[in-house]
Amino acid sequence: MIKVFIAGATGWVGTELTKRIVEENDLQLVGGLSRSRNGADLAEILQLKRDPIPLFDTMEHALDRVDFDVMIDFTKPEIAKDNVIAALNRGKRVVLGTSGLSDSDFKEIAKVAADNSTAILAAGNF
């Protein structure tokens with residue numbers, strides 16, 4: 001079972017990802033990032049009939065409180081870079097769907113991933 005965390009969980013794409021991930025037998029959605037809904041239950045917000053999915057306001061708070069294997073980021077460029085670096089620094093794998101990061105951002109992110117022996121798939125607007 002792959003434990004998944006979604007940054008931007010209450011956004012347009014994050015909401016759709018949540019609905020699809022909870023339908024999969026080999027994936028478990030264990031948390032989400034939503035600055036405006038910190039402390040709320042994503043399952044309740046989306047009216048999903050399943051166990052609670054906690055929402056956090058920062059990636060650091062989430063990393064301290066929930067264990068996951070993969071973080072999917074669909075936020076904004078000014079937030080995504082920090083989310084990705086925080087997750088990579090804790091050895092998490094990352095799927096980055098947020099677009100708008102610069103070449104220098106991607107170079108920095110690649111170095112952090114390599115330094116922490118983890119991986120990132122960056123596919124903005126996929």
S.K.: Just verifying a value: how many Å separate Asn83 CG and Thr98 OG1, rounded to the nearest 0.5 Å?
M.R.: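 Rounded to the nearest 0.5 Å, the CG-OG1 separation comes out at 8.0 Å.
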
S.K.: Using modelled atom types only, decide if a donor and an acceptor are shared between the side chain of Asp57 and the backbone of Arg35 within a distance under 3.5 Å.
M.R.: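 No: the side chain of Asp57 does not pair with the backbone of Arg35.
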
S.K.: How many angstroms lie between OG1 in Thr10 and CG in Leu46, if you round to the nearest 0.5 Å?
M.R.: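 Thr10 atom OG1 to Leu46 atom CG measures 8.5 Å (nearest 0.5 Å).
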
S.K.: Determine whether Phe68 and Gln28 make a side-chain contact, defined as any pair of heavy atoms from C-beta on separated by less than 4.5 Å.
M.R.: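 Not in contact.
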
S.K.: Any chance CZ of Arg50 has more than 12 other-residue heavy atoms, nucleotides or ligands included, within less than 6.0 Å?
M.R.: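 Enclosed.
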
S.K.: Taking only residues at least two apart or on different chains, which pairs with a member in residues 3-20 satisfy salt bridge (Lys or Arg N to Asp or Glu O under 4.0 Å)?
M.R.: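 Sorted result for residues 3-20: Lys3-Asp67, Glu16-Lys19, Glu16-Arg20, Arg20-Glu23.
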
S.K.: Please report the shortest heavy-atom distance between Ala9 and Gly32, naming the atom on each side.
M.R.: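 Of all heavy-atom pairs spanning Ala9 and Gly32, the closest is CB-CA, 4.0 Å.
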
S.K.: Could you tell me whether the side chain of Met71 reaches within less than 4.5 Å of the side chain of Val84, counting heavy atoms only?
M.R.: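 Of all side-chain heavy-atom pairs linking Met71 with Val84, at least one is under 4.5 Å.
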
S.K.: Heavy-atom distance under 4.5 Å between the side chains of Leu121 and Val94, does that happen here?
M.R.: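 No, too far: nothing below the 4.5 Å cut-off.
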
S.K.: Do you know which of Thr18, Ile53, Leu42, Val95 makes side-chain contact (heavy atoms from CB on, under 4.5 Å) with Ile6?
M.R.: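 Single side-chain contact (heavy atoms from CB on, under 4.5 Å) partner of Ile6 among Thr18, Ile53, Leu42, Val95: Thr18.
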
S.K.: Same cluster for Trp12 and Ile79 if Ile/Leu/Val/Met/Phe/Trp/Tyr side chains link at under 4.5 Å?
M.R.: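 Looking at the clustering, Ile79 is in a separate group from Trp12.
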
S.K.: Which residue pairs pass the salt bridge (Lys or Arg N to Asp or Glu O under 4.0 Å) test with at least one member in residues 68-84, sequence neighbours excluded?
M.R.: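 Every pair satisfying salt bridge (Lys or Arg N to Asp or Glu O under 4.0 Å) with a residue in residues 68-84: Lys81-Asp105, Lys81-Glu108.
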
S.K.: What's the spacing between His61 NE2 and Leu33 CG if we round to 0.5 Å?
M.R.: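 Answer for the NE2-CG pair, His61 versus Leu33, is 11.0 Å.
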
S.K.: Counting neighbours of CG on Asp26 that are heavy atoms of other residues, nucleotides or ligands and sit closer than 6.0 Å, is the number greater than 12?
M.R.: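 Result for CG/Asp26: enclosed.
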
S.K.: To the closest 0.5 Å, what do you measure between CG (Leu17) and CZ (Phe74)?
M.R.: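 Rounded to the nearest 0.5 Å, the CG-CZ separation comes to 5.5 Å.
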
S.K.: Are the side chains of Val66 and Phe56 in contact, using a 4.5 Å heavy-atom criterion?
M.R.: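 Yes, at least one pair of side-chain atoms sits under 4.5 Å.
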
S.K.: Within a radius of less than 6.0 Å around CG of Asp115, do more than 12 heavy atoms belonging to other residues, nucleotides or ligands occur?
M.R.: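 Above 12, so yes.
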
S.K.: How about Ile2 and Val70: do any of their side-chain heavy atoms sit closer than 4.5 Å?
M.R.: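 They are in contact (side-chain heavy atoms under 4.5 Å apart), so the answer is yes.
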
S.K.: With side-chain contact (heavy atoms from CB on, under 4.5 Å) as the criterion, how do Val112 and Asn89 come out once you've worked through the C-alpha distance, each side chain's angles and the decisive distance to 0.1 Å?
M.R.: CA-CA 7 Å; Val112 172; Asn89 275 327; 3.4 Å; yes

S.K.: Out of curiosity, does Ile45 fall in the hydrophobic cluster containing Ile21 (side-chain heavy atoms, cut-off under 4.5 Å, transitive links)?
M.R.: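 Yes, because Ile21 and Ile45 connect within a single hydrophobic cluster, where side-chain heavy atoms sit under 4.5 Å apart.
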
S.K.: Any side-chain heavy atom of Ile109 sitting closer than 4.5 Å to one from Leu88?
M.R.: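 The answer is yes; the side chains approach within 4.5 Å.
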
S.K.: Distance-only, no hydrogens or angles: does the Thr75 side chain make a donor-acceptor pair with backbone N or O of Gly8 under 3.5 Å?
M.R.: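 No, the answer is negative, given that no donor and acceptor are paired below the 3.5 Å cut-off.
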
S.K.: Give me the one residue out of Asn116, Thr118, Asp64 that meets side-chain hydrogen bond (donor to acceptor under 3.5 Å, both in side chains) with Arg90.
M.R.: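 Only one of Asn116, Thr118, Asp64 forms a side-chain hydrogen bond (donor to acceptor under 3.5 Å, both in side chains) with Arg90, namely Asp64.
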
S.K.: For residues Ala43 and Pro52, report the shortest heavy-atom separation together with the two atoms involved.
M.R.: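 Taking Ala43 first and Pro52 second, the nearest heavy atoms are CB-CA, 4.3 Å.
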
S.K.: Answer with yes or no whether the hydrophobic clustering places Ile85 together with Leu101; edges join I, L, V, M, F, W, Y residues whose side-chain heavy atoms lie under 4.5 Å apart.
M.R.: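 Yes; Leu101 is reachable from Ile85 via cluster members.
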
S.K.: Heavy-atom distance under 4.5 Å between the side chains of Phe5 and Ile72, does that happen here?
M.R.: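 Of all side-chain heavy-atom pairs linking Ile72 with Phe5, none is under 4.5 Å.
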
